[in-house]
Amino acid sequence: MQNLRWQPRARQPIKDKILYLGYFACENLKKSINKTNKSGFLFELNVKIANLAQPNCVQVIKFVSIILLFSIIQGAFAQGTTTPQYRYLILFKDKESTNFSVNNPQAFLSQRAIARRQKMQIKVTEQDLPVNSSYLSQISNQGVQILYPLKWVNGAVIKTDPVKLKKVLSLPAVKGYYKNMALDSTSGIQGNSLNRNLAEESISDYGASFAQLTQIGADIMHQNGFKGENVLITLLDDGYLDANTSPVLSPIFQEKRINATLITDPTIKNVYKGGSHGTEVLSTLAGQAPGKLFGTAYLANFALAQTEESQHELLIEEVNWLRGAEWADSLGTDIISSSLGYTTFDNPKYDHVYKDMDGKTAISTKAAVWASQRGIICTISAGNEGSSSWKYISSPADADSIISVAAVDRTGIRASFSSLGPSFDNRIKPDIAAMGLGTITGRPDGTISAVSGTSFSAPLIAGIAAGLIQAYPTKSAWDIMRALRMSGTLAMNPNTNLGYGIPHFDRASKIINPILAIEPQDNNSIRIYPNPITIGQSLRIEHQKKTPVNLEIISSQGAVVQTLNNLPEQSEISLPPFVSGKYYFRFTSETGIETFPVMLNLSK
């Protein structure tokens, strides 16, 4: 996994590590070297310079030899006391004989989750049913630890040794295991895991959060009274270090607006002891520091999931992402915002290639699609690989029916690091963009800083989506995602750099509800006549636009009943047999959106 606040460093060759050890030996031999293995055995080596009169190269060889000797001793002790355990995703054959039924979703889904499905007429399917508890018991009876079940893939993540794994795989209910390998094995390769501390981005003072809010219309959203109230946003990240004590985030804790938390890393006690990346991401949504920082949806409710493990880069993190998405769905989440991306791993066997970015291959991508199918809006960072050899979006940003978010600066220019599209199957990706260069965030200690990465453009969009959900509670997730895309500055000509461009709350509102969003005519730049129109008449449309103009005819109920693209400067159209009444003609061009009421009286 890659936290999309920094760019992964190249794997460090093993020979470089030996050279580093040699340098350390020559320069720091007066110091004690303490090594502790996972079994708790402590070895201390004290070497004095006075005892090493040989040339430097010989000193290095002897030093490295001593280190290797003690490593062998440690290994012997370890092998005599423990058997290595790894994490695997076990897959079951079916969900037969389960105690749950799609006809009784109250037994395994929250009322909020059920209500979201009913609102969007989404059926509960067998995929939503929990994993068969008897299958889990069969695994537990083998002395194997179950970390968590996964209903969408009908499986469970376990931790065990290879010997017990064979017993698990022999169970009648077990179909196999994902990728046929451990999900946290590094295959003896030392690489990114040694450098996995979150790197510092370019930090400079860009001022308060005014630019990132006004660029996407969050200020207008707030002025209209929409600040995310009663909308549930779930974050999937590396942890939320000291978020519960940060002054910038104190209101969401004082007002008890953290609905739930989830840990997938068994070594972390709670989400507030994990990484700091999630804290900064959360601040762009929920932060309140008057005069310095406000989040886009600072009155929303939140659920915080730790799904990434910052100290290494393993395939288990993608499976953790799936776990987080399932959990979010069960809570009744409206929006999932994730600033994580997956391309390469410590074990090259797991590495993705661009061909995998097809919207249906990576397991995190599948999870995002499944979440969207359940009516959840997913805002996903596009990735920070735009200036690297990879350059393309990462998973799960390649998923269909989600919003992948690129990064721009305060003037709307694409950040050079922002990952590019299209998806491998040639869909427009990323979808839209927001400010990810010099974004104002709050750190765990409460200080305010400007940081960069698509990690911070995605949650800004999640906040706008929350405002639209609040403003238009009867609209579906797909209506809102479409409005976000079509409100983009490049909606008429999307590209593979910024997708549909930078969205705006006000423009999106006019797309969702054109009846209440009639714009004044722009100096008669568009003429429609006759108006009213009666049966047998043709409707003439004239415009003075120099760029393509598209027309949507919308009923008084808000339904798009006809679409016409690339209207010439003068056109004459015959309308289908619409029901008499008031309609809205919405024209979209590069210069903006204009909506006109037209009365249709089609009966004599």
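Everything quoted here is computed from the prediction, not taken from an experiment.
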Could you give the side-chain donor-acceptor pairs of residues 165-174 under 3.5 Å, partners two or more places apart or in another chain?
unit_1 : atom_1 : unit_2 : atom_2 : d
Ser170 : OG     : Lys167 : O      : 2.6

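Shown here for Ser339 and Asp237, the closest heavy-atom pair between the two residues is CB-OD2, 4.0 Å. Annotation for Ser423 and Lys429: closest pair N-CB, 4.0 Å, computed over non-hydrogen atoms. Across every non-hydrogen atom of Lys366 and Thr361, the tightest pair is CE-O, 3.6 Å.
Atoms CZ and OG, from Phe417 and Ser452 in turn, are 5.0 Å apart once rounded to the nearest 0.5 Å. Separating the OH atom in Tyr354 from the OG atom in Ser394 is a distance of 12.5 Å, to the nearest 0.5 Å. Distance check, rounded to the nearest 0.5 Å: NZ of Lys123 to CD of Gln373 gives 14.5 Å. Once rounded to the nearest 0.5 Å, the distance linking NZ of Lys119 with OG of Ser476 reads 7.5 Å.
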> Going through the checks in order, is the salt bridge (charged side-chain N to carboxylate O under 4.0 Å, His left out) test met by Glu318 and Lys179?
Replying inline: CA-CA 12 Å; Glu318 281 205 70; Lys179 295 286 188 180; over 6 Å; no
> Would Leu282 and Ile252 count as a side-chain contact (heavy atoms from CB on, under 4.5 Å) if you check the C-alpha gap in whole Å, the side-chain angles of each, and the deciding distance to 0.1 Å?
Replying inline: CA-CA 11 Å; Leu282 177 61; Ile252 60 176; 4.0 Å; yes
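Contact of the Gln142 side chain with the Ile139 side chain is not registered, since no non-hydrogen atoms from C-beta on lie closer than 4.5 Å. No side-chain heavy atom of Thr379 sits less than 4.5 Å from a side-chain heavy atom of Leu460.
For Tyr148, the ring-ring contact (aromatic ring centres under 6.0 Å, His included) test picks out no residue, with sequence neighbours left out.
A distance-only check finds no donor-acceptor pair linking the side chain of Arg443 to the backbone of Ser276 [under 3.5 Å].
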